[in-house]
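Sharing a structure below in structure tokens format, with a few things to ask.
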Amino acid sequence: MDKYLNAKAKIFKNIKDDNTPIICTDDKYGKKLDKQINHKNKITVSAKDIKKSYDNLKGKHNNQTIACAVAAAKQVGID
């Protein structure tokens with residue numbers, strides 16, 4: 001996970017000003033990444049942000065991914 005986190009941090013640190021990093025802060029890795037990224041458009045999300053739980057998907061990371069996808073959709077105007 002540390003290598004994954006470092007790779008993600010490197011990507012986010014190199015994005016352009018008009019991009020939007022979306023970070024799920026439900027776990028220690030997301031919280032650590034959130035502290036490392038200081039971008040004006042940064043959005044933080046939680047699996048708790050989604051209205052429907054997808055408990056049939058194995059692993060809480062799936063609900064975290066859904067929360068990030070919902071935030072990305074909203075950024076481009078999808079309701």
Side-chain angles (χ1 to χ4, degrees):
M1 273 306 283
D2 288 329
K3 288 181 182 179
Y4 174 76
L5 177 68
N6 290 336
K8 206 166 211 182
K10 187 174 182 179
I11 291 168
F12 283 158
K13 287 179 180 177
N14 289 303
I15 65 173
K16 303 204 182 315
D17 286 342
D18 61 341
N19 293 137
T20 304
I22 300 171
I23 302 169
C24 184
T25 57
D26 284 345
D27 55 38
K28 68 179 182 178
Y29 299 103
K31 288 176 183 159
K32 184 176 180 181
L33 183 62
D34 182 37
K35 289 179 183 175
Q36 292 177 2
I37 305 304
N38 295 315
H39 192 281
K40 66 178 184 169
N41 297 328
K42 178 177 71 173
I43 296 173
T44 58
V45 298
S46 169
K48 297 172 191 162
D49 295 338
I50 57 175
K51 297 192 182 353
K52 179 180 176 185
S53 179
Y54 295 89
D55 293 329
N56 57 323
L57 297 173
K58 302 286 187 218
K60 73 175 188 177
H61 66 282
N62 288 308
N63 284 338
Q64 293 170 340
T65 300
I66 292 167
C68 290
V70 168
K74 287 180 180 179
Q75 275 301 111
V76 296
I78 297 172
D79 200 358

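Basis for what follows: all heavy atoms, side chains included, without hydrogens, waters or symmetry-related copies. A quick note: this is a predicted structure, and the numbers were derived from the prediction, not measured.
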Name each donor-acceptor pair under 3.5 Å that joins a side chain in residues 9-20 to protein atoms two or more places apart or in another chain, with its distance.
unit_1 : atom_1 : unit_2 : atom_2 : d
Asn14  : ND2    : Lys10  : O      : 2.7
Asn19  : OD1    : Lys16  : N      : 3.2
Thr20  : OG1    : Gln75  : NE2    : 3.3

What residues, two or more places apart in sequence or in another chain, satisfy salt bridge (Lys or Arg N to Asp or Glu O under 4.0 Å) together with Asp34?
Lys42
Taken to the nearest 0.5 Å, the spacing of Asp2 CG from Leu5 CG works out to 6.5 Å
Can you give me the closest heavy-atom contact between Cys68 and Val45, atom names plus distance?
SG-CG2, 3.8 Å
Consider only side-chain heavy atoms of I, L, V, M, F, W and Y, link residues closer than 4.5 Å, and tell whether Ile78 and Ile66 are in one cluster.
no
Distance-only criterion, 3.5 Å: show the donor-acceptor pairs between side-chain atoms of residues 21-30 and protein atoms not counting sequence neighbours.
unit_1 : atom_1 : unit_2 : atom_2 : d
Asp26  : OD1    : Ser46  : OG     : 2.5
Asp26  : OD2    : Ala47  : N      : 2.7
Asp27  : OD1    : Tyr29  : N      : 3.1
Asp27  : OD1    : Gly30  : N      : 2.7

Is it the case that one hydrophobic cluster holds both Val76 and Val70, taking links as side-chain heavy atoms less than 4.5 Å apart, direct or via other members?
no
